[in-house]
Every structure is written in C-alpha cells, then in structure tokens.
Amino acid sequence: MSEAGRNMGRRELLETAGKAALAGVALSPATLRALGVDLPGIDHAPLRAIAGPDRVVVIPGRTWINSWVGYGAPPTRTRRRPGESEPPPPPSGPPPTLAWSMESGPGDVSFGDSAALVTTASFSAPGEYVLKLTADNGQEKVDSTFRVTVETPPPGEPLNVVYTKKYRIDNRLWNQRARALIVNWIPHCIDQINRSDLQQGPGGIDNFIEAARALAGQPHGAHKGYVFSNAWVHQTVEAMCIALMVDPQDDPGILAAHAQMRATLEDWIPKILAAREPDGYLHTAFTLRDRERWPERWSARGRGNHEGYVAGYFLESAINHYVMTDGTDTRLFDAAKQLADCWYDHIGPPPRQEWFDGHQEMEQALVRFGRFINDVEGQGKGEKYIQLARFLLDCRHAGTEYDQSHLPVVQQYEAVGHAVRAVYSYSAMADVAMETQDVDYQSAVRSLWESITNRKYYVTGGVGSGETSEGFGPEYSLRNNAYCESCSSCGEIFFQSKLNRIYHDARYADLCEETLYNALLGSLDLEGRNYYYPNPLDANERRNPWHGCPCCVGNTPRTLLMLPTWMYAKSPDGIYVNLFIGSTATIENVAGTDVEMVQRTEYPWSGRVSIIVNPRASRDFSLRIRVPDRNVSRLYRSTPEANGITSIRVNGSVVRPAIVKGYAVLTRSWNAGDEVELELPMTVQRVRADERIVADRGRVALRYGPLVYNIEKEDQDLGQSLAPDAPLTADWRDDLLGGVMVVRGAFTSGAPLFAIPNYVRYNRQAALEPPPPRPAQGERPAPRPASSIVWIAEG
Ligand SMILES: [Zn+2]
C-alpha cells in the first residue's frame, strides 16, 4: 500500500519534508498538515485514500473493491461493546473525484465503475497486477495501491477425503501422544462432563438430562454454563468414537479406557437423544431458556446463542459414531439427519428465512455431513445440506469483523476478527469452493489463505495474535504473547487440508504438518492431564485441567486422533501421502481396490520412512509422496535448506520420480508388499522472520525436521543471544520428556544453549514461574515473564 503518510510516522514525514525542501519540491497539504503546519484556507483534516487489501482472483472471476476515501480516520468495523457510545462523525471536506487505474500488470483490467469507491475489477490474463486509486479534491491528491494475483482455476475434481477408520499407530512420538489422549485426557473430559458440581466451565451431560425433563413436562433444573456448553459434550463423543478406532495393541490402559468409552457412549447417547425437541432441534440452552429473553430459534438478535456452533459439533459427532460402529448403530446419525433437516426446513431462500450464526461451525459440519450422506446413501442425497451451508455463509453481511459478517464472504480477502470463527468460516468457504467450483468462493479462499499464511501466521503454524478479541491483528503484527487458541489450530488444520484437496498441492499439507506438530500437539501436557486454551510463543504459565470456557477440550483430541485423514488423500487414480507417521491404515476404493498403507518410521526423530503398499488386488495407480517444503510461508526463511527428499527407492532400486505440485509421483503396477523407502533431510535449521514482524527482529528460531524448538528458563537464562554462526547439533535424549531430540549449542556468553521441541514446553516442574504477587484492589496483575520462548536473541 503506497498511500501517502498512512504508515508514516512523524520522523519519516520530517525526513521526507527535508528531502523535498532540498530538492525544491512543493509538499502536499496533507503532508504539511501531518507535520503540524497550519494551512490558511484549508480547514479540514488531510484527505486520505485506502484501497486493498492485497488479494487473489481466480479467472474468469472478478474482485470486489471496498475502498475508503475521506478525512480523518477510516471507520472501523470492530464490535462495539455494550454501552459503548457511537463514534463521533468523521471530519468532512470537499468531495474528491476518484479514479481507478492499473499501475502494472501483464493484461487488461476492467473496472465496474472506475470512479467509484465500491466497485469490481476483472482481468484478462493471469499474473501480478497493481491497482491504484487516486483521489483529488482540487487541493490535495492522494493515492493508494494494492496487489492482485490473478490465477487460473484449480483442477476440476478435488481429491477425496480419507475417512479415519480403524487404524494402528507404530511410532514412538504418536503412540505416546495417542495413549495420553486415550488413557488420561478423554476420560478426564468424560468425568468433567458427568459432574454436576463444576464451578468453572460447568454444563455437561446434566443439561441434557434437565432438557429431557423439561420436554416431558417434569420439574427440571436450569441450564448450566455457557449457552454453547453442549459443544464439548458433542466433541467428546466424537473424540471417544475416534479413540475407539485406534488399535489398542493389547495395551491394558488403552483397553480399559476403550471399555469406559463404550460404556459412556451407551450412557450418554440416550440422554442426548431424549433432549431433542419434537422436530429434532437439539440445543439444551434453548429448551431450558428464559422464554421472554429467547422467544424463538434463529432470530436476528439471537446470533450470540451459538445454535449453529452446537448443532455442527453434533452432526460431526454423529458421522464418527456411524463410522466407528460400521453403520450398525445409526442412533446419532438418524438424529443428526433430523436436526439437519429441521434446519433445512426453516433456513433458506423464501419462503424459508435468512439467518446466520455468530459463531461459524454449522457450515463446515453441514458440508461434511452432506458429503458423508452422498457416500453412504448415494450421490446427490447430501446436496441439500451442502446448499444450506452455502446459504448460511451467503447470509453473512452487514455485521462486524469480529464474526466475519462485515462483508459478504466472497468479498472477504483479509483474515480478521475472532480467530476460531474466522478459520471455521474460511474452512467452510473452502468446502463450498470445493463442492461448487464457484469462482468467487475460490478467489476469496485463496485470498484469505494468502492473508493468513503470508501476513498473519506464526512460525508455529498458530494464528491469532489476540490484538482483537481472541482474534487476528493487523498485517505483520505478530506479538509473541500470542493468543493462538487451540481451537484455531484445529481450524487451521481443517482449512489447510481442504485447500490441499482442492489444489492437489503439497504446500497446504506442509502447513497442516507445521500446525499439527507445533501449534496443536503441545496444547496438552505429556501426561494428558492439563491443556492450554491460548498457546503463546512466549509461554509464561502452566496448563490447566479445565477452563472457564472449555471449548477446546474435546476439539483438540478429536483433531489429533484423526490422523489417517491428515496423513492421506485419494483420487480415483491414486493415493497422496501427506504425513509421515508409523502406522497402518486402509485407503478404500483406489483404482478399484482397497489399499492397506503401512508406514514404518520414527519420524520426526528420524528421516527414514518405509511405506509398504498392500493393495487387495494388484492395480496400476500413482502414489504421490509429499516432498517437504519448510519455507511455504513467505514470512519465514530457514537455513541451511532442508527441503526435498534425499533419496527414494522402490523395492530396493533408486528411482528419480517427477515432482508435481510438491509430490514425488510413483506410477506403476502395485502389488502387495511393494516397498517405498525415503530418506528425508533432518538437520537443525535457523529460522528468521520477515523484517516487518517487529517482535522477531534480531531474533532466531530453531527447527529440526517439522519441529519448532524453544528454550526454557529451566536450562538457561533466556536473555542471552546466539551468534549467527555458532554450531548447533541435534542429540537424542531417551530419558527426557518421553524421548526427544534436543538441540545444543553455546550462547555468545559461552553458556550452553539447550532447546527442546515446542510441543514439550512447560512439562518440567522447575520451568514454572512462581505465581505473581496479588495486585492491589482495582489494579491489573503484572504480566509474568516468559519462562519458555521460541524466538532467541541473535547477535
Ligand atoms: Zn477453544
């Protein structure tokens, strides 16, 4: 953006003014006014123009431009808090004339109206364009530019999802993580949800019991907890169903946890089903509501009631219950269908009603549900749910950035607002782009991906700086006391995985891996007894067993345990390998047969991967193996290079396959027992951030394979700096933190540097800071110093 003075501080303005005066150039009134110079005859604030943000257009589509020209500060579209007064009217001045032009680009641009603030632009050819808005009021002339990347559409057919069904994990890191989730974490969630005496984050299965009593006309208790407290019940149901599909391998702890989960499902399912309204509507906060304050469902003033957020998680839990029982128990599935139909009967084009929920989730759940119905009941049967998802998204407008309703979704090109709502919204938009091939959805989804990945993305793969309420901040503003809620990491994984399927491109899977290992995996402690709601890169407090808003408690395990879905994608002619995790999973219906995929690897502790391909019948198909690229986000650059695959052998013979969209393509007749051996480069890398990220200037992060590292106060003084050329080595420590590769070196002081993977941060007692002193009445507590940091001072 080149708009004069917008990003200029007074110092830069003075420098510019000085240079201009030396060169004998007249300064614009806007610049003079910004310098504090009184301009006789001009009694208004400086004229300003703001175009942008940068975006992507998929041709033959167009882009919507919502620019601003005026005097004083541009209006904000953030949420006003209750009781907060209207902002004062903006200062006015003479009306400027506007003109759009193409500053650069490889083709032609046509504007819907080249003299309007709100207009459209379309493009004749792919490539990079710069568009310019000029505003001229006769006294001042200002301009603003933005960049448009014009692309051709994605391939016509998206890749198919690989459902997580019964699978086996054979990998030290993932066996430990899955065991902690299955043996400790999910049972803990079950216990908490069964309790009716919780003071913090209450509202579990008791809400369903009371709602059923109310529906039966019996005396009943009030609703407990947040209006969306059903969400973690449904997520925990889904997490149990997925956990039950993980092979227990005779582990007595896992077998006992599985038995408890089966008993819990038998206990909970009838209670959940009994809380449904006669037409299938399910939301206990509604059934147990104060009828004066909440007279009806789906009302314009009820967008904060999370009706879609809760319903969506119910639909998703029903899908995995159906899969886990191989379709032999359809109780939840039938109820989910009735609930989805109830929504469909009320919400839609006339005579049905327009509506959207303040917290997205129903949209991506409806597409997932529609696709699942297409798969189990036949193509076409699930289309109505996909249409409803799109309708709900298309209803979003005239609201605020907080819940991504400030503009129609197809006109949103910058990631803004509450980060979980945002990534759930974008993930659902990717679903709609995938299902409908709608070019406007494709353009918005690619633009939002660029906005996140190249301007608002942490090196850990987390999102949400927390500068807006639990949300995204401005471009390149990535403070390290970040928000990075665990649920937004789940949403990032959903979003990236869908883009991978739309574009058949491995770079989205690279980011999926980055977020999985570095933002989500460490949300839970090693034992699986405590978790983080926010995941700052400067960590300064311990995890908690529960939270006042326990939205992440079931979301995290259901996402982490859905490994086959993140590891693979498929097309009619082959299998895409996206993650390297020792495991056995079956990919159904590839080239007319089912293929058991066996991965043998201790990745990320070793770069050696063996993939045994076991088709039920010999078939010709392509195996596409992701070639890791650690530099997908342009915000970060790492040295030395550790991209690519060092070597590939098929049945012992070295092969040099073509690399297409980040995949090594192995096309042949595959027979049971065929083995592909890979060697992935594993080395300690230094990562440096784009200079525009102020918080990371003069700092370096460390990475080994896909893992981002951090240093803890436990092992060193965190204020020390690391020389750019100081040697760094990776050492295996079998005895530490369940067995991890540590990174060693020396600070410039000569003191040793000792780094551990970010996902195991804050697992040693001594890393904990003592609690800060209690603040005096009315004072905010002092921020705790970080005891675990990702970005190390360099010098
Ligand atoms: Zn959450």
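Note that the coordinates shown come from a computational prediction; the quantities given were computed from them, not determined experimentally. Counting begins at 1 with the first residue of the sequence. Just follow the structure's listing: the first ligand is 1, and inside any ligand the first atom is 1.
- Coordination check, C487 versus the Zn ion (ligand 1): passed, since an N/O/S atom of the residue sits under 2.8 Å.
- A donor-acceptor contact closer than 3.5 angstrom is absent between the side chains of D357 and N305.
- Within the structure, salt bridge (charged side-chain N to carboxylate O under 4.0 Å, His left out) pairs that include any residue of residues 301-320 comprise E316-R368, E316-R558 (at least two apart or interchain).
- Taking the Zn ion (ligand 1) as reference, the nearest N/O/S atom within E485 carries the name OE2.
- At a cut-off of 2.8 Å, C490 does not coordinate the Zn ion (ligand 1) through any N, O or S atom.
- The SG atom of C551, the Zn ion (ligand 1) and the SG atom of C552 define an angle of 110° (nearest 10 degrees).
- Judged by distance alone, the side chains of S486 and N535 do bring a donor and an acceptor atom under 3.5 Å apart.
- Side-chain polar atoms of S425 and Q404 form no donor-acceptor pair below 3.5 angstrom.
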